[in-house]
K.L.:
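My structure is below; once you've seen it, I'll send some questions.
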Amino acid sequence: MKSLEELKAIRERMQGQVGLREEDDTVTRVVVGMATCGIAAGARPVLTAFAEGVQEKGIKNVMVTQTGCIGLCKYEPIVEVIQPGKEKVTYIKVTPEKAKEIIDQHLIRGQVVSEYTIK
Amino acid sequence: MYRSHVLVCGGTGCTSSGSQKIIDTLHEEIDKNGLSSEVQVVKTGCFGLCALGPIMIIYPEGTFYSMVKPEDIPEIVEEHLLKGRIVSRLVYKETVTENGIKSLNDTNFYKKQHRVALRNCGVINPENIEEYIGTGGYEALGKVLTEMTPEEVIQVVLDSGLRGRGGAGFPTGRKWMLARNIVPDADQKYVCCNADEGDPGAFMDRSVLEGDPHVVLEAMAIAGYAIGANQGYIYVRAEYPIAVKRLQIAIDQAREYGLLGKDIFGTGFDFDIGLRLGAGAFVCGEETALMTSIEGNRGEPRPRPPFPAEKGLFQKPSVLNNVETYANIPQIILNGAEWFASMGTEKSKGTKVFALGGKINNTGLVEVPMGTTLRTVIEEIGGGIPNGKKFKAAQTGGPSGGCIPAEHYDIPIDYDNLISIGSMMGSGGLIVMDEDNCMVDIAKFFLQFTVDESCGKCTPCRVGTKRLYEMLDKITKGTATLEDLDKIEKLCYYIKDNSLCGLGQTAPNPVLSTLRYFKDEYIAHVVDKKCPAGVCKSLLQYYIDADKCRGCTLCARQCPANAIEGTVKNPHVIDPDKCIKCGACIEKCKFGAIFKK
């Protein structure tokens, strides 16, 4: 290690990884419905798209997680974005493409993509 | 990116309860379900709740699965990792509430803890240097080398009030200052780490080495910069194979990343560390004996002064600190002396790790701010004493320490308070005893340990502890007199005053402190020939209560000495001459008819 910058680079790369193991109230949670109905409707690629997208764009304070069936099986894949202090946003019939849009618009810029939300 | 991390404890405790098998099964099941690119399995160090091992935590949910068995793994992978449904029947019960699963940090065991030295234990993969760097590792070393002078480093450590966590509690900053200044023109100095954890019941150093080995390397490099040394040695016992292996991996990785070796961070500072394995002699935890052992000689202490700061390893000025002491250093550098000094009591700053053992529900490792009461540690964090028994005493400091009786249950634990009640902090082993423990027997147990471990170099320790042990043995056999009690006390002080090193000087402590608080128990043994706790075999008789005995003959058939006589459906009798007091009959009797007194 010849410089502090090198150390900092490793730290930043690893922080996203290790940071997942901290419990923190300031984190935005992206919850993908991964029950049988969700998986059958294609939730798995959606989940991967979120996980990869968040990592690629280096978004901090976001965790991608999963949940069971919330009872609205016909709208699966369902994705909920829960930001601290804000009302929960529920996206329905999400695809990996829509996921990218949600990452860019909602997670980065803070604008809800209302055309995909539940009506 | 891995969306989920499965942390499995790979510390010694959980490894012995089968965590490696859990990890292997996890990998198989995760592969089978096609999750290997999404879910990462991380083998970590100790979480602290060793009684519940093997332990597994799944993030981001933070779900705490305890006592996991390999056959549970397919269900956990399919339900939790694939479908996102927590398998509540396998979750640590304390975290299950009516409203779902609560965070581990809100459980009694973790709520009152404050983790500084154990910060990364159970959080990172100790065999991956990048995970350590990801939690801020080696930043303190970078800061020290690029922004601070050695004097400033020592000043920060001094101001923090950090005292040695190995037992004696000498201020770490002063130790470093002496090593820096006492021999101004020294051509070579050394930094040593005492990882020869030998107290029965203490395992916090092992946990740090297994769970966060890099923190020790980083702190030693900082110490090296502060005192002007470029070589360090870690003296670790060979009986800690997992710790040794992870330390070696850590040293290799640190060298590869240029965090050990030549010209660290391009500042011209060189520092390297070597591992030295101890054969497990207790005396090698004493600083001069430890250094003698590193030099390649038989591990025997030498007189002080000269102190190691002047003439230590290879006769050069040296600093020797304990593992837990080092584990605090990087955090002190990064967060400042005031931050550290804000925790703890007036003269004991920061936190202390305790290894809870004995009669306690949550056997394991806890870290609390100095000044926490024994009651909080045992009742709240430790989950109290099993089977509704009453707290009698806690032994701190192992064979060098003493016991804390129930009357001091609410004393804030720090260095000075413990000394004032005749015990000592020691390395932090905390052995809890209930009403079924005989205090004379406990003192005898610890003395047996020091008799075995005395190196034999000086007579007061070699012969004195042996004679002391014999007198205690007489007491437990019921053949001692009140005169012996006086003799014991005299001999204790003689050994304390005249032994060469800390081993002998502290060996009588368990005897003195039990004499101080439980003299009535000693007297019961000597005068009434009774052991109130019912432990000392020679003073016990086994009896059968004729009213309760149904004459089932089970005990008679069980007795290995054929000491029980009687006919079917008639009360049985124990022949005291034949009885070997093994207790097999008590265990077998279904009617509670057999008792001892």
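Throughout, a chain's letter reflects where its sequence line sits, starting with A, and its residues are numbered from 1.
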K.L.:
For Phe269(B), look at atom CZ and say whether over 12 heavy atoms of other residues, nucleotides or ligands are found less than 6.0 Å away.
P.N.:
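Enclosed.
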K.L.:
Would you say that Lys8(A) contacts Ile133(B) through its side chain, given a criterion of any heavy-atom pair below 4.5 Å between the two side chains?
P.N.:
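Lys8(A) does not reach Ile133(B) side chain to side chain.
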K.L.:
For Lys143(B), is the NZ atom crowded, meaning more than 12 foreign heavy atoms sit under 6.0 Å from it?
P.N.:
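More than 12 within 6.0 Å, yes.
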K.L.:
Of all heavy-atom pairs between Tyr138(B) and Leu7(A), which one has the smallest distance, and what is that distance?
P.N.:
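Answer, listing the atom of Tyr138(B) first, then Leu7(A): O-CD2, 3.3 Å.
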K.L.:
How about Ile10(A) and Tyr257(B): do any of their side-chain heavy atoms sit closer than 4.5 Å?
P.N.:
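Yes, side chains in contact.
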K.L.:
Should Arg44(A) and Glu38(B) count as an ion pair when the cut-off is N to O under 4.0 Å?
P.N.:
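Yes, Arg44(A) and Glu38(B) are salt-bridged.
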K.L.:
Tell me, side chain or backbone of Gln40(B) under 4.5 Å from chain A's heavy atoms, or both, or neither?
P.N.:
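For Gln40(B), side-chain heavy atoms alone lie under 4.5 Å from chain A.
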K.L.:
Give a yes or no on this: more than 12 heavy atoms of other residues, nucleotides or ligands lie within 6.0 Å of atom CZ of Arg255(B).
P.N.:
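More than 12 heavy atoms, drawn from other residues, nucleotides or ligands, come within 6.0 Å of this atom.
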K.L.:
Sort Leu7(B) into side chain, backbone, both or neither according to what part of it lies under 4.5 angstrom from a heavy atom of chain A.
P.N.:
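Looking at Leu7(B), just its side chain touches chain A.
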K.L.:
Taking all non-hydrogen atoms of both residues, which atom of Pro60(B) and which atom of Val64(A) are closest, and how far apart?
P.N.:
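Heavy atoms only, the tightest pair is CG-O, 3.9 Å.
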K.L.:
Given a strict heavy-atom distance threshold of 4.5 Å, which part of Thr135(B) is in contact with chain A: side chain, backbone, both, or neither?
P.N.:
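Backbone plus side chain of Thr135(B), per the 4.5 Å heavy-atom cut-off to chain A.
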K.L.:
Which atoms form the tightest heavy-atom contact between Gly134(B) and Met14(A), and what is the distance?
P.N.:
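Result for this residue pair: CA-CB, 3.6 Å.
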K.L.:
Rounded to the nearest 0.5 Å, how far does CZ of Arg3(B) lie from OG1 of Thr48(A)?
P.N.:
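Rounded to the nearest 0.5 Å, the OG1-CZ separation comes to 8.0 Å.
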K.L.:
Using non-hydrogen atoms only, which part of Leu260(B) is less than 4.5 Å away from chain A: side chain, backbone, both, or neither?
P.N.:
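For Leu260(B), no heavy atom lies under 4.5 Å from chain A.
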K.L.:
Enter the distance from Ser37(B):OG to Glu52(A):CD here, rounded to the nearest 0.5 Å.
P.N.:
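Answer rounded to 0.5 Å: 7.5 Å.
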K.L.:
What part of Ile124(B) lies closer than 4.5 angstrom to a heavy atom of chain A: side chain, backbone, both or neither?
P.N.:
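Both backbone and side chain.
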K.L.:
Check whether any side-chain heavy atom of Arg13(A) sits under 4.5 Å from a side-chain heavy atom of Glu130(B), and report yes or no.
P.N.:
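The answer is yes; the side chains approach within 4.5 Å.
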K.L.:
When you measure from the side chain of Gln66(A) to the backbone of Arg85(B), do you find a donor-acceptor pair of N or O atoms at a distance under 3.5 Å?
P.N.:
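Not a single qualifying donor-acceptor pair exists.
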